[in-house]
Protein chains: 2
Amino acid sequence: MKGESSSVRSGARMSGEDRRLQILRVAVDLFSRKGFRGTTTKEIAEQASVSEAIIFRHFATKRDLYSAIIDYKAAESAELILKTLKNAARRKDDRAVFQGLATDILKIHDQDPTLFRLLLYSGLECHELSAMLFERYAKKVRAFLERYIRQRMADGTFRRIDPKIATHAFFSMISYHALAANLFRSLLPHGNCADVADAFASIFLKGISRL
Amino acid sequence: MKGESSSVRSGARMSGEDRRLQILRVAVDLFSRKGFRGTTTKEIAEQASVSEAIIFRHFATKRDLYSAIIDYKAAESAELILKTLKNAARRKDDRAVFQGLATDILKIHDQDPTLFRLLLYSGLECHELSAMLFERYAKKVRAFLERYIRQRMADGTFRRIDPKIATHAFFSMISYHALAANLFRSLLPHGNCADVADAFASIFLKGISRL
DNA sequence: TTGGTATGTTAGTAATTACTTACTTATCAA
DNA sequence: TTGATAAGTAAGTAATTACTAACATACCAA
């Protein structure tokens, strides 16, 4: 982005399409840090190295821009992690499934803190798209887990329990930790992500086992 | 507050002390709904049925007011739930301890959504007091749980596990659910709070049991 | 080279916002 | 009743903010 910025300053232009995407990305970053009201179009313009008027050429209002980034993030988050988990699930390696999932979720949040922050900000702000983002955020993973738990119950390995509630329990454990790591890192119990993922997966698996 | 409001409008006055507290309470509500930047001193004044100047008589800046409410909420949250749990803990009734705690936490969040919202907003906004609020929010409960888990490990009922991590796991499960209930109620798995508390406590207890 | 067009800017507008100042008035002790 | 004082207000200030309109210019096809 720094490179882009300097080339723009010397007079070179970006296509409309590229510029729109650039603004969107800058906006994701800023809105996720400061929320809707806390982010000014001025700072978005500055970060994108354009004048404010350019923002309004691509987005009719600030509100429209905010909705656009939520859409953008929702679309992005739908493509989550499932690849490696499908192998573990095929082998019915419970430990690999849950520990791998916990690790992946925590890793993703660490690498891209904007998603969760936008989820929280938009939820707190009662943005009309926040529910959609929340749902999209975890839909595939939850569905996958529910199916897996249902299957392992049929196999006799897991005890009788509502797969939705069990999924919710596991997902809650991991997600709250991710949230806390995002907002309050210094206050977390010491222990790296892998240890936390390990411990949480182990508690959960033992907690729903048949034995 | 409605009653207060109408008596003020007819000319009656409130003592400085009472007024300050009223403003504080109004501000808690508004800041927890709209965040710092999203809340104007104008609407605080309106909700308190005073002019804006009165707010600035009690608080030098809007920022000072925000810090004051975080302090206020932090002090309030320190007095949590522990009474009934101490009895269950004395009897070493694991189920009553964890289920009771889960139920109480969820109930408290339901009754006073402002605490968690302020926690999230202040954390997202990187307010200097947010870490303090986060810590205060759960300090006593966490300490209690850690002690209890350590004790039950010594008793041979719970397996070897870092009490901090175990506490964090349990607390995370419940807190994320409370958060989701606060922001995204309509998207939660069906099932009332008691069912969720029950299921989560059961998963957790089984997950850390020695058997 | 020229003209059209898409990208980009500057300068502004109107409304909003946190905060201040000068004045008003309710309250209460003497 | 009077005077002091604390609580309260209206009107304003200066800065900020989202957004607009008019103009400038890079780019590219003919």
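Everything numeric here is computed off the predicted structure, so don't read it as measured data. Lettering follows sequence order; numbering is per chain, from 1.
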- Is there any salt bridge (charged side-chain N to carboxylate O under 4.0 Å, His left out) pair reaching into residues 173-182 of chain B, and which pairs are they, with sequence neighbours excluded? none

- Message: If I take atom CD1 in residue B:Ile44 and atom P in nucleotide C:dT16, what distance separates them, rounded to the nearest angstrom?
- Response: 18 Å

- With B:Glu146 via salt bridge (charged side-chain N to carboxylate O under 4.0 Å, His left out) - residues at least two apart: B:Lys164

- Message: According to side-chain hydrogen bond (donor to acceptor under 3.5 Å, both in side chains), who are the partners of A:Asp71, at least two apart in sequence or on a separate chain?
- Response: none

- What pairs with A:Ser202 under side-chain hydrogen bond (donor to acceptor under 3.5 Å, both in side chains), at least two apart in sequence or on another chain? B:Arg159

Report all interatomic pairs (protein N or O, nucleotide N or O of nucleotides 17-20 of chain C) with separations under 3.5 Å.
| residue | atom | partner | partner atom | Å |
| --- | --- | --- | --- | --- |
| C:dT17 | OP1 | A:Arg37 | NH2 | 3.2 |
| C:dA18 | OP1 | B:Thr39 | O | 3.4 |
| C:dA18 | OP1 | B:Lys62 | NZ | 2.5 |
| C:dA18 | OP2 | B:Thr41 | N | 2.9 |
| C:dA18 | OP2 | B:Thr41 | OG1 | 3.0 |
| C:dC19 | OP2 | B:Lys62 | N | 2.6 |

- Message: Tell me whether B:Glu125 contacts the main-chain N or O of B:Gly35 through its side chain, where contact means a donor paired with an acceptor under 3.5 Å.
- Response: no

- Note on the structure: B:Ile55 atom CD1 is separated from C:dT21 atom C1', nearest whole Å, by 17 Å

- Atom CD of B:Glu46 to atom C1' of D:dG8: distance rounded to whole Å? 16 Å

- Item | For B:Lys34, side-chain hydrogen bond (donor to acceptor under 3.5 Å, both in side chains) partners two or more places apart | B:Glu43

Close N/O contacts between protein and nucleotides 1-7 of chain C (under 3.5 Å):
| residue | atom | partner | partner atom | Å |
| --- | --- | --- | --- | --- |
| C:dA6 | N3 | A:Arg13 | NH1 | 3.3 |
| C:dT7 | OP1 | A:Gly16 | N | 2.8 |
| C:dT7 | O4' | A:Arg13 | NH1 | 3.2 |
| C:dT7 | O3' | A:Met14 | O | 3.4 |
| C:dT7 | O2 | A:Arg13 | NH1 | 2.6 |
| C:dT7 | O2 | A:Arg13 | NH2 | 2.8 |

- State which residues pass side-chain hydrogen bond (donor to acceptor under 3.5 Å, both in side chains) with B:Tyr176; sequence neighbours excluded, sorted by chain then number. none

- Query: Of all residues at least two apart in sequence or in a different chain, which pass the ring-ring contact (aromatic ring centres under 6.0 Å, His included) check with A:Phe116?
  - Reply: A:His109, A:Tyr137

- Round to a whole Å and report the spacing from CZ of A:Arg20 to C1' of C:dG8. 18 Å

